[in-house]
Every structure is written in C-alpha cells, then in structure tokens.
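Structure first, then comments.
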Amino acid sequence: MGPKSKKRAAAPAARTRPAKKQKVALGQSSKRAPPNADRSKVKGKERAYEREYISIPAADDDLSGDDEASLDEFGDSVNFLAALDHQGIARSKKETERLHQLHKPLRKQRVDDLPSVDSHNEDSDSWSTNIEDSDAEMQSDDLFSNEPDSDGQPPSSDELDSDTEMPYERVPRRLHKISEPETRRNIPGLPIKLSDGRIQASQKVTVAPALIDDVEDTEDSVRSQSPTAIPSTVEGVATGARFGRPAVVDVIKNTSRKARIQGAKDQIASICQEIIADPENSLGLLRRLHTFSLKTITTPSHSEPIRNDPAIRKLAILSQLAVFKDIIPGYRIRPLTDKEKAEKVSQMVARTREWEQGLVLVYQSYLRALEAELKAKSDLADVALKCMCTLATNATHFNFRVNLMACIVARLSKKSWDESSDLCLNTLISIFRNDVTGIPSLESVQLLNRMVKERHFKVHPEVLTCLLYLRLKSELGVRASNSRVDKEEKPDAHRKGKVASYRNKGKSSDQPYLSKKARKALKEKKEIEREVREAEAEVDKEERARTHTETLKLLFVLYFQVLKNPHPTPLLPAALRGIAKYAHLVNVDFFRDLIQVLKTLITRVSDEIDSDVRESRSTDQNADVQHRLLCIVTAFELLSGQGEALNIDLNDFVNHLYAVILPISERLQVDDPCHTSGSRTSQTHQPSIADMLFRALTMVFSPRTAGRTLPWRSAAFAKRLLIASLNWPPGVALRALDFVESLVMKEPKLETLLSTDDRHADGVYLAEVDDPQLCYSFGTSFFELLQLQQRHYDSRIRESARRLSSYMRT
C-alpha cells in the first residue's frame with residue numbers, strides 16, 4: 001500500500017477519537033451507560049436534542065460578596081430550588097415526545113363496509129348498512145333491560161364509539177306513576193278528658209275502608225291536576241296584578257263600597273301619573289285604565305262577568321279624558337299601508353309606529369264606550385256627552401273627529417231643549433270659531449244639513465244659530481262676484497300655444513321664456529315647497545278657499561230650502577239671519593227670486609205659524625213681528641252691497657216697516673233678547689225686537705240713501721216713532737228720540753213739525769194709515785215731545801225731549 005492508502009486508513013481511526021470538548025460528556029455518559037453497553041454504536045458527533053438527557057453545567061462554588069448578602073437576606077425564598085426534579089429538567093425534547101407516545105392510549109381503528117372514496121363501483125347491492133338487523137337485535141336484547149351486562153365488564157371500544165348507542169341510551173324512560181288513591185282511611189280516636197280538666201288527644205287510630213265518594217273525588221282531583229285539564233289563567237297588564245298593584249277584579253270584588261272606591265281611586269291616580277310621565281311606554285296602562293270604565297269586567301281567571309261600580313266607572317271615564325287631552329299628538333295618525341308595513345325601518349321608527357297604532361285603538365275603544373252610554377241613556381250619559389264635547393273641541397285635529405261631531409249633531413236633533421243641547425251647540429260654535437283649515441266646519445255643515453232634511457225641518461230653532469259663527473265672511477276676504485260665486489276659470493288650453501307663437505313673431509308676452517331644464521327645476525322647486533308646507537302644517541290658502549266655497553254652497557242650499565218650504569218652520573228666523581249675514585256672498589242671479597220669497601213671507605198671517613212653537617197669543621205675535629223684521633232686514637242686506645247695481649224696488653218693505661212700529665209699541669218686553677223656548681244658556685246672542693227695528697230703520701235712512709230719501713217718508717217715520725216712544729221703556733224711548741233727532745238734522749223740512757203754531761198744510765194727518773205716503777205726515781206736529789218733556793218719569797227722556805224741541809239749525 002502506498003502512502004495515500006495509509007493516510008486513508010488512518011482517517012477512520014482519527015474520527016473515533018473524541019474531541020477535547022466532548023471528553024467530559026462522554027465520560028459522564030459512559031458512567032450512566034450500563035457496563036455491557038455497546039460503545040461501538042456511537043458513531044460521529046451526537047447532537048444535543050438526540051440525547052435522552054442534557055447535563056446541566058456545573059456552577060462555580062465561589063460566590064461574590066453581593067451574592068452572599070442576597071442569599072443571606074432571601075435564603076428562605078430559594079429553598080424550593082432544592083426540591084426541583086433535575087432529571088425532568090434535563091430531559092431532552094426527543095425523550096419527552098417518546099414518553100408521550102408511550103403512554104398515549106390506543107384506539108382501535110373502526111372497520112366499516114363502506115367502499116373507499118376512490119371506488120367507482122355504482123352497484124347498489126355491493127354493500128349494505130344492516131341498520132334494520134342491528135336495530136332489531138338491540139330492541140330484543142336491550143330495550144327493557146335496566147341492569148348492566150352480566151359479566152360486569154366495562155364497555156369495549158366499540159361501545160365507546162360515538163356512533164354506537166351508549167347503555168344509558170338504551171334504558172327505557174320511566175313514567176311518573178300517578179299515586180293511586182288509598183283504599184283505606186284512618187279515623188282518629190276521640191279525645192280524653194283527664195281528672196284535672198285537661199283534654200288530651202287520643203293516640204288510638206282506627207283503620208276503615210275508604211268511602212266510594214272519597215275515591216271518586218280523589219280520582220276527579222287527580223284528573224283535574226293533569227296538565228291537559230289546567231286552563232290558562234295568565235292575565236295581561238290590563239286586568240292582572242302588575243307593578244305592585246292588585247288585579248282589577250280584586251279591587252272591584254271588594255265587599256266594602258268605601259274601600260272599593262278608595263282602592264280604585266288610588267290605582268287610577270297612579271296609573272294616570274305614570275301614563276303622563278311616559279306615554280310611549282304606557283299602552284298597557286292605558287288599557288288597564290280603560291278596564292275600570294267597563295260596565296262588566298271579565299278576566300281569564302274569572303270567566304263570569306263582574307259588574308262594575310258606577311262611581312268607579314265615572315272616575316275612570318273622566319280620568320281617561322284628562323289623559324287623552326294631555327297625550328294626544330298634534331297631528332292625525334293614519335293607518336299604515338301594506339308597503340309601509342313590509343319595509344324595514346329603524347327600531348325607533350318601529351316603536352313610534354307601534355305606539356301610535358296602539359293609541360288609536362285605545363282611543364277608539366274609549367269613544368265606543370262613550371257612544372254606547374249615550375245611546376243607552378244611562379246614568380253616565382251626561383258624563384259621556386261632556387267628554388265627547390270636550391274631545392271634539394280640544395282634539396278636533398285628531399282621529400274620529402267626524403264620529404264625535406255626528407254624536408253631537410244627533411243630540412241636537414230632538415225638539416226639546418235642555419242643558420245638554422246648549423252644551424252641544426256651544427261645542428259646534430267653538431269648533432267653528434277655532435277652525436283654521438275649514439275642513440271641520442265643512443264636515444259639521446254636512447252633518448247638520450243631512451240631519452235637518454231627515455227630520456223634515458222639525459228641529460229646534462236654535463240648531464241653525466251656530467252657523468252664524470262660521471268663518472266664511474272673514475276668511476274668504478272678497479265680495480261675491482256679480483255673475484258667479486264659483487272659482488275662477490282656468491286659462492285656456494291653447495294659451496301656451498299663443499304665447500309660443502308670440503315669441504316666434506318677436507312680440508312680448510306676459511310669461512317669461514323657460515327652457516326645458518328651467519321648467520324641470522321650477523317643477524322640482526314647487527314640489528319641495530309643497531312638502532315643506534306639509535311638514536310645517538301650513539294652511540294652503542287656495543285649499544281653504546275651496547273648502548269654504550263648498551261650505552257656502554251647502555249653507556245656502558239649507559237656507560233656501562227653509563225659505564221655500566210650503567209650511568212655515570221654526571227654522572225660518574235662523575235662516576233669515578244667516579242669509580242677512582252672508583248676503584254679500586250670494587250669487588246675484590238669486591237676488592230677484594230671494595226678494596220675491598221674502599215678500600211672500602212678510603205678508604203671511606200670524607195664525608199660519610206652526611202650532612209646534614205656539615205657547616200663547618203673545619208668543620205668536622212676537623214671532624210674527626220678529627219674522628217680518630227679519631225679512632225686512634234681509635231684503636235691505638241683500639241690496640246693500642253688490643245688489644246696488646240691480647234696479648229693485650223695496651217700497652213694500654218700507655211700508656211693512658212703517659206698519660210694524662205701532663204693534664211693537666204694545667210689547668212690554670221689547671228690549672229683551674228673542675230667546676226661543678228652553679234656550680237661555682248658549683253662547684248665541686239673539687238680538688231683541690228693538691235692535692232689529694232700529695237696524696232696519698238705519699238701513700232705510702242710511703247715509704248711502706240720504707239723497708233718495710223723501711221728506712214725507714222721514715216725517716211719517718219720525719211722527720210714528722214719537723207716538724210709540726210714549727209706551728216704550730226708557731232705553732228704547734231714548735233710542736227713538738235720538739233717531740228722530742238725526743232725521744231732523746238731515747231733513748230741514750222736519751223743523752216745521754217742532755213748532756206748535758198754526759200753519760197751512762195739505763190734508764189732515766191719518767195716524768191709523770200704514771202707508772207713509774198717504775198719512776199726510778206734514779199735517780201735524782211733534783206734540784209728543786211736550787208730553788215727554790213734562791210728564792215722563794225718567795230724567796234722561798225729559799232732557800232729550802227738551803233738547804229736541806228746542807233744536808235750531810245753525
């Protein structure tokens with residue numbers, strides 16, 4: 001062998017020598033290794049993680065001064081280091097994994113008959129699950145076995161498998177057996193009386209068979225205790241015991257009436273306080289409050305109806321009124337559409353919708369209860385009517401407004417008149433006065449019109465007086481048209497084409513030119529403004545004017561039907577007053593027909609008045625005079641405005657006014673308001689006969705007609721007024737003297753009647769003639785002034801007569 005082969009042979013021998021750094025480790029490992037270990041297996045350099053244990057390097061025995069001081073101070077705290085497991089700390093990672101695998105429990109691999117995933121055999125008969133066979137065996141062997149296996153061995157790995165039923169799963173379910181009734185009964189012995197007088201219970205018990213009735217009762221009780229026989233007695237918030245309050249039934253069933261009413265008062269007061277504090281979360285309390293107002297109360301636990309106390313019902317009804325007045329929102333709640341119900345909304349919106357719909361339902365139930373009491377004419381009918389009138393006045397904007405007004409109008413349909421009628425009439429007047437949009441007024445007029453027609457105009461005269469308070473005269477703000485009262489006509493359809501042709505020809509037009517984009521922007525702007533007005537609840541003037549026009553049409557239809565009725569009705573004075581007030585809104589085309597109807601009415605004989613309103617002869621005469629004065633005033637009101645353009649002679653009405661002065665002087669209560677029977681507490685102010693007389697005189701001799709007033713007419717009226725003033729009360733006589741003085745001041749020829757000297761005149765004065773032109777008024781003098789000046793008991797009358805008799809024109 002050459003030198004190279006020697007070097008190659010020496011290399012393995014060199015590798016077997018341990019390195020200098022490995023001598024210590026090898027020496028330690030040789031000590032731990034058994035003496036018979038084969039050292040020839042160690043080949044090459046052994047890595048640290050492959051060893052079973054890694055030696056901990058030895059620490060130096062020399063300690064510094066600081067370490068010794070710390071050890072002396074904290075020596076007790078490091079005693080746990082002496083108990084450490086040095087072998088466990090020195091165990092390598094590989095040895096740790098080996099020990100884990102060694103102690104890991106073995107699981108038997110489950111063998112099934114299913115084909116492998118890679119198998120493509122589609123034959124359905126190649127395998128089966130054997131579920132039915134295994135189920136049959138399991139049922140036959142283990143279904144009714146409650147004891148463990150006979151050999152007492154723990155379950156095998158197959159039984160521990162998740163797909164295998166466990167032993168407790170195969171145990172049948174135990175049914176709870178109903179205890180059978182005892183067939184024997186124990187009878188205790190009689191007590192024993194001792195010698196000292198004490199009584200001691202006997203310990204003797206006699207066993208006897210149970211009675212048949214006891215057994216049957218026990219069986220019945222067992223059946224009643226079964227789950228299927230127990231009825232549902234869960235009560236809701238409206239009737240049950242909630243929030244520390246006793247149930248409604250418990251309060252109503254109290255035997256003491258004083259305690260019953262006091263308990264209801266306390267609960268109603270606390271409920272109302274909580275509702276007002278948080279209305280949106282108190283729908284249940286609203287229903288509970290409504291339960292106290294029911295006539296009979298029925299709950300799940302008390303199927304039999306329990307009659308409620310009327311005093312408690314009255315308290316609950318009035319309490320609900322106060323609560324609704326406080327919590328009703330300032331807008332009308334409309335029902336949700338199907339599309340709105342289907343769409344998703346936020347939680348806050350959903351909660352608000354739920355509260356609004358619940359509030360409407362409770363409010364509807366409350367109104368139905370009030371209407372039922374009103375129709376039944378019970379003891380609470382007056383309370384119910386007051387509540388409905390209050391809601392109609394304070395919650396006119398809210399839901400069920402028409403229902404409230406229908407009940408109020410129905411109450412006014414009777415012929416008699418009482419305090420409830422005054423209440424209903426004042427409610428309608430308040431609605432008319434506070435109406436801003438005009439819609440409630442239109443609905444009320446529709447109901448009144450329908451009611452009067454259904455009753456054939458046989459209603460109380462005061463019913464139509466509420467129509468005098470409609471806001472038509474002030475809200476429309478314009479006088480009626482000379483030709484029509486309808487709304488203005490729309491511009492012609494071809495107006496747009498004309499404007500375009502003018503622009504093409506270079507001519508100017510009133511409408512500015514707008515491009516397509518500008519017209520679209522203008523349309524969007526108008527839509528936004530409309531939505532803003534709706535959000536701000538602003539009343540549209542055009543819409544309000546249209547509503548008032550419809551109301552005016554219905555109003556005049558009702559008035560004209562009353563006037564043209566072949567038989568006089570008690571509604572005639574109210575109709576005449578209404579036409580006189582709204583005369584400036586009547587169409588000019590109706591003027592001549594109206595004047596003719598008024599002439600017919602004024603010539604009627606007093607005995608043709610309807611017998612329903614007759615109470616005495618004086619009442620008939622007063623009604624006759626009142627009708628004639630109203631016809632005269634209405635005729636002059638019609639021609640005072642736009643009727644001036646018409647050439648209509650009113651001399652007949654002037655003659656009737658002259659003729660009615662003497663009959664009025666015979667009335668004792670000429671200055672009292674003309675109240676109809678039974679109506680004296682309403683808000684309507686009825687003018688007296690004296691008021692209507694002087695109003696008619698003022699219209700006949702108004703400054704507007706001063707140039708057309710004839711001297712003989714002024715003289716005739718002045719003379720007859722002085723004759724009537726001798727019988728009139730001081731107030732009416734003083735008004736007559738002032739009016740005569742105004743006539744003397746306007747007409748200089750009347751000054752000759754103030755002197756008592758003899759003079760030449762054409763004819764002799766005829767006081768009994770009712771025509772001012774034929775009575776020869778200048779053939780007399782005002783000698784009544786001397787009587788009033790000297791003999792009247794009122795100083796004011798004497799002074800006024802003295803001043804008039806000494807009048808001198810300056």
Any idea which heavy atoms bring [X] and [Y] closest together, and the distance?
X      : Y      : value
Ala696 : Ile632 : CB-CG2, 4.2 Å
Leu721 : Phe739 : CD1-CD2, 3.5 Å
Thr547 : Gly438 : CG2-O, 3.2 Å
Ala635 : Leu650 : O-CD1, 4.4 Å
Val700 : Leu657 : CG2-CD2, 3.8 Å
Leu585 : Phe556 : O-CE1, 3.8 Å

Who passes salt bridge (Lys or Arg N to Asp or Glu O under 4.0 Å) against [X], sequence neighbours left out?
X      : answer
Lys414 : Asp418
Arg798 : none
Arg802 : Glu799
Asp771 : none

Q.
Run the side chain to side chain contact (heavy atoms under 4.5 Å, CB included) test on Asp435 and Thr437 for me, step by step, so that the C-alpha distance in whole Å, both residues' side-chain angles and the decisive distance to 0.1 Å come before the verdict.
A. CA-CA 6 Å; Asp435 186 12; Thr437 62; 3.6 Å; yes
Identify, with sequence neighbours excluded, every residue that meets side chain to side chain contact (heavy atoms under 4.5 Å, CB included) alongside [X].
X      : value
Val383 : Lys314, Ile317, Leu318, Cys387
Glu747 : Pro711, Lys749, Leu750
Asp593 : none

Is any side-chain heavy atom of [X] less than 4.5 Å from a side-chain heavy atom of [Y]?
X      : Y      : answer
Leu423 : Arg411 : no
Tyr469 : Ile431 : no
Leu412 : Leu428 : yes
Ser800 : Leu734 : yes

(Q) Show every salt bridge (Lys or Arg N to Asp or Glu O under 4.0 Å) that has at least one partner inside residues 780-789, sequence neighbours left out. (A) Lys719-Glu784
**Q.** Contacts of type side chain to side chain donor-acceptor pair (under 3.5 Å), residue Asn727, not counting sequence neighbours
**A.** none
Q. Distance from Leu558 atom CG to Leu571 atom CG, nearest 0.5 Å?
A. 7.5 Å
Q.
Evaluate Glu550 against Arg546 for salt bridge (charged side-chain N to carboxylate O under 4.0 Å, His left out), listing each step before the verdict.
A. CA-CA 6 Å; Glu550 294 296 327; Arg546 286 193 293 268; over 6 Å; no
**Q.** Residue pairs involving residues 379-389 (criterion side chain to side chain donor-acceptor pair (under 3.5 Å); sequence neighbours excluded)
**A.** none
Q: May I have all residue pairs that pass side chain to side chain donor-acceptor pair (under 3.5 Å) and include part of residues 442-457, sequence neighbours excluded?
A: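 Sorted result for residues 442-457: Arg401-Glu443.
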Q. Tell me the ring-ring contact (aromatic ring centres under 6.0 Å, His included) pairs involving residues 712-732, sequence neighbours left out?
A.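 Non-adjacent pairs meeting ring-ring contact (aromatic ring centres under 6.0 Å, His included): Tyr658-Phe717, Phe701-Phe717.
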Q. How far apart are the C-alpha atoms of Thr390 and Thr393, what are their side-chain angles, what is the distance that settles it, and do they pass the side chain to side chain contact (heavy atoms under 4.5 Å, CB included) test?
A. CA-CA 5 Å; Thr390 305; Thr393 305; 5.9 Å; no
